[in-house]
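These notes are about the structure you will find just below.
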Amino acid sequence: MKKTKIIVVYIVLLLIILSNFTFISTAEDADSIAPLTVPTLETNINAHIDVFERLELEKQNGYLSSNDEIIEDSYYFTTKQGFDYVHLEGSYDEIGYNHAKLLWPKIERGMAAYAFLTEMRYNMNWDVCRTQGASYWPHMSNDKYQIYQEEIDGIVRGCQEMNARNPDGNVIDRWDIMAYNAIWDIWWRSSPPPIFEKWWPFSVPEQKEMIHHCSGFVANGDYTINGEAVIAQNLWMPYYLPPSHGVFADIIPPDGNRMLMELQAGMIWSGTEWYLNEEGLVVGETTLGNAPYQWGNTPAFVRIRYAVQYSNSIDEFRDNMLTDTNGAYCGDYLIIDAETNEVGILELGSHEYELWRSDNGFHGSCNYPWDPEVRDEMMEPEGWDHSCYPRYMRLEQISNKYKGQIDTSIGRRALGDHWDTVEERENKCSWTLEGRVENASGYPHGALDGKTTNRSMVQNHEVWAKYGFPSFENFIASEHAKEHPDYAFPNLEDMISQPWTTFGFLEPITVSVLDTDGNPVEGAQIAFENCADGYLHEGKTGTDGTYTHPYFSTGTYNISAKDGNYRGLIHVEFNQMNSFEVVLTEVKSDEGMKLGTKLSIAVLGLIIFIVAVTVIAKKFKKSQEQDSV
């Protein structure tokens, strides 16, 4: 019997050891994937402060959007966390005209940056670009695309009224805006496919390094919190482009879908490749290499604008992008459809394409052609031989490590990630999701921003965005010039990272403040607090007890109202409904005094208790010492 008990004890101990060994092994496997290098984000560090106190602080610091607003019937302008934020509506000509009037300094900056880049990398001066751009005008003359000619001419009219200048110092005209919008088409047409490089007739300088463009992913189902579709993308471009890319535009065209896009100022398409339309499609893009150019067909910048404006599903988007393609601007088009919660990536070559789609999946994108047919058409290498593959592998790691946890918070952190899968260490370079090419070659190029959203936010027509490096670091031009004098370009400016913030459609909002008897309260102070980013907006009721703002960003808000000792608070989804009521109730000061008194008594009682325990302990110790003597 005794031996049996001993054997049972040994078996139990062995099982415990084995179970612990298995558990430890599993944990080590999970931990073998490096976590995201950007820590957990705090979007509102002042949430504990009374909202009206925060309003006063932000007014003193000049952070409130109402400080710099331009409000008109068909357009609106403000700034938010490093971005210009505009609303445009009306005819196509009117949209273009107001676009230019509001953003012309950034149009000058952006056009100059693209001219500089084109001459450096493609040996084409701006006069050549203008000629090339003009060649695309006839492709927009049909009934389908003529609307975009009208919008471009509207931009020209606004630029000329503001005396905006092209890179050669001349007043901007139609061919400047055409060259600027078609610049990626021009690059593609001027770049040799690999098979033709030896005898290509255009003079293209030798590339010292491959310049990458963008990282991103889509996910849903088992990979995300609550199964919601999630999309994230950052834009990689040279650091002499900012701040011209830093615009969010809410556009209501005469027909088709309303659109929210991050906008390269002066372009009729995004130029940064981030779109949301009113039907719940969100589109991001990461660029691929060259494929055979198809002469005579519709330029890419026209097709992408049309596809976003007139597509209501992933299938329609695919069909619009493929119609009459010129094969330019090959890329992965990341898509989520908030209506169906489906995600997809359209990998678009020239003649070849592939549409991956899923209601339960994860797919990364980072300038690596994952489809074999598209990759072969581009004559790109496969796997680790491709310079963008390390990022592709990092995205796969993230999908495994954070499966079931992915949301916009993970999206924001992933876009700033610095984990290098080649050297298996934290290393800010061209192999990381937040591109930092300057640390690899000296060339000032990398992630200029970050954007992410999910199904719930899209249903409110809302997205997250961040100006500058998603990792919160800054680019300082003078420091870069000292470290990399060969790349100390005179057009570089500091890029100061701003907090993550949200953008949505800009809609009118009305808030009525009432007393408990239902009477309007004149002069009540109102604080609108965005529940996602904590951003504040201030208002004050008029004689009728209401406050109205004609252009207010859609989203989820806490709306607080105050008049003396009377307070009110409501929580709202501002999207479909745009009129709200806040009822004020008295906050009695004696109740506050009673609470303060109770807290004081509690603290005093605690102090007395501690003192009493200390005295008793000392007496006890002293008596023990006397007894021992």
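A cation-pi geometry, defined here as NZ or CZ lying under 6.0 Å from the six-membered ring centre and within 45° of its normal, holds between Arg391 and Trp236. The side-chain tip of Lys80 does not point at the ring of Phe248 from less than 6.0 angstrom away and within 45° of straight on. In this structure, Arg305 is not positioned above the aromatic face of Tyr148 in the sense of NZ or CZ being under 6.0 Å from the six-membered ring centre and within 45° of the axis.
When atom types are taken as modelled, the side chain of Glu108 and the backbone of Arg165 share a donor-acceptor pair closer than 3.5 angstrom. Without hydrogens or angle criteria, Arg109 side chain to Pro242 main chain gives a donor-acceptor distance under 3.5 Å. Between the Asp176 side chain and the Asp173 main chain, a donor and an acceptor come within less than 3.5 Å of each other. Of the possible donor and acceptor atoms, none in the side chain of Glu151 sits under 3.5 Å from a partner among the backbone N and O of Ile95. The backbone N or O of Pro470 sits nowhere less than 3.5 Å from a side-chain atom of Asn234 that would complete a donor-acceptor pair. For Asp185 (side chain) and Ala300 (main-chain N/O), a donor-acceptor pair under 3.5 Å exists by modelled atom type. With Ser311 contributing its side chain and Val308 its backbone, the two residues share no donor-acceptor pair below 3.5 Å. At least one donor-acceptor pair closer than 3.5 Å links the side chain of His99 to the backbone N or O of Gly266. Checking side-chain atoms of Gln233 against main-chain N and O of Glu285 turns up a donor-acceptor pair under 3.5 Å. Formation of a donor-acceptor pair under 3.5 Å by the Lys466 side chain with backbone atoms of Gln498 is found in this model.
Side-chain contact check for Ser270 and Glu262: no donor-acceptor pair (N or O, by modelled atom type) lies under 3.5 Å. Side-chain contact annotation: Gln309 with Asn277, donor-acceptor N/O pair under 3.5 Å absent. With no hydrogens or angles considered, a side-chain donor-acceptor pair links His461 and Asn575 at under 3.5 Å. No side-chain N or O of Ser579 forms a donor-acceptor pair with one of Thr510 less than 3.5 Å apart. With no hydrogens or angles considered, a side-chain donor-acceptor pair links Thr501 and Asp533 at under 3.5 Å. Looking only at atom types and distance, the side chain of Glu380 has no donor-acceptor partner in the side chain of Tyr368 under 3.5 Å away. Glu69 and His549 share a side-chain donor-acceptor pair at under 3.5 Å. A donor-acceptor pair shorter than 3.5 Å can be found between the side chains of Tyr239 and Glu438. Between the side chains of Asn326 and Tyr136, no donor-acceptor pair of N or O atoms lies under 3.5 Å. Side-chain N/O atoms of Ser74 and Glu72 include no donor and acceptor closer than 3.5 Å. In summary, the side chains of Tyr180 and Gln264 do present a donor paired with an acceptor at a separation below 3.5 Å, with no hydrogens or angles considered.
Exactly one residue among Trp269, Trp187, Phe301 makes a ring-ring contact (aromatic ring centres under 6.0 Å, His included) with Tyr329. That residue is Trp269. When each of Tyr535, Tyr467, Phe77 is checked for a ring-ring contact (aromatic ring centres under 6.0 Å, His included) with Phe83, only Tyr467 meets the rule.
Using a 4.5 Å cut-off on side-chain heavy atoms (C-beta onward), Ser190 and Met124 make contact. Residues Arg303 and Leu348 form a side-chain contact, since some pair of their non-hydrogen atoms from C-beta on lies under 4.5 Å apart. You'll find the side chain of Trp464 reaches within 4.5 Å of the side chain of Met457, heavy atoms only. Looking at Leu235 and Glu273, their side chains never come closer than 4.5 Å, going by heavy atoms from C-beta outward. Side-chain contact between Asp153 and Tyr92 is absent, with no heavy atoms from C-beta onward closer than 4.5 Å. With a 4.5 Å cut-off on side-chain heavy atoms, Leu103 and Leu263 count as touching. Contact check for Tyr145 versus Thr298: side-chain heavy atoms found under the 4.5 Å cut-off.
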- Steps toward salt bridge (charged side-chain N to carboxylate O under 4.0 Å, His left out) verdict (Asp449, Lys451): CA-CA 7 Å; Asp449 64 21; Lys451 291 90 63 181; 3.1 Å; yes

- Item | ring pair (Phe, Tyr, Trp, His ring centres under 6.0 Å) between Phe475 and Phe469, worked out | CA-CA 8 Å; Phe475 173 80; Phe469 295 139; 7.0 Å; no

- Pair Trp104-Asn163, side-chain hydrogen bond (donor to acceptor under 3.5 Å, both in side chains): steps then yes or no: CA-CA 9 Å; Trp104 67 269; Asn163 200 32; over 6 Å; no

- Task: In sequence, state the C-alpha distance, the side-chain angles, and the governing distance for Ser497 and Asn474, and then conclude on side-chain hydrogen bond (donor to acceptor under 3.5 Å, both in side chains).
- Result: CA-CA 5 Å; Ser497 183; Asn474 298 322; 4.8 Å; no

- Item | side-chain hydrogen bond (donor to acceptor under 3.5 Å, both in side chains) assessment of Asn312 paired with Asn257 | CA-CA 8 Å; Asn312 299 331; Asn257 289 317; 3.1 Å; yes

- Task: Any chance you could lay out the salt bridge (charged side-chain N to carboxylate O under 4.0 Å, His left out) test for Glu354 and Arg318, step after step, and finish with the verdict?
- Result: CA-CA 10 Å; Glu354 182 59 51; Arg318 173 201 58 204; over 6 Å; no

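Under the 30°/60° scheme for interplanar angles, the aromatic rings of Tyr547 and Phe528 are found to be tilted. A tilted orientation is assigned to the rings of Tyr551 and His87, their planes being inclined by 30° to 60°. Ring-plane geometry between Trp137 and Trp175 is classed as perpendicular, the angle between the planes exceeding 60 degrees on a 0 to 90 degree scale with a lower cut at 30.
Here the OG atom belonging to Ser244 is positioned 10.5 Å from the CE atom belonging to Met111, to the nearest 0.5 angstrom. To the nearest 0.5 Å, atoms CG (Leu346) and CG (Asp319) are separated by 9.5 Å. Rounding to the nearest 0.5 Å gives a distance of 9.5 Å between CG of Asp371 and CG of Asp332. Note: Thr453 OG1 to Asn460 CG = 9.5 Å, rounded to the nearest 0.5 Å. Within the model, atoms CG of Asp168 and CG of Asn125 stand 7.0 Å from one another, a figure rounded to the nearest 0.5 Å.
By the salt bridge (charged side-chain N to carboxylate O under 4.0 Å, His left out) test, Glu342 pairs with Arg357, sequence neighbours left out. Under the rule for a side-chain hydrogen bond (donor to acceptor under 3.5 Å, both in side chains), Thr452 has no partner lying at least two apart in sequence or in another chain.
For an aromatic pair to be called close, the ring centres must be under 6.0 Å apart, and Phe552 with His537 satisfies this. Remark: aromatic rings of His363 and Trp356 are close, center separation under 6.0 Å. Residues Phe574 and Phe505 keep their aromatic ring centres 6.0 Å or farther apart. Residues Tyr85 and Phe503 bring their aromatic ring centres within 6.0 Å. Ring pair Tyr293/Trp295: centre-to-centre distance below 6.0 Å. Ring-centre distance between Trp184 and His213: below the 6.0 Å cut-off.
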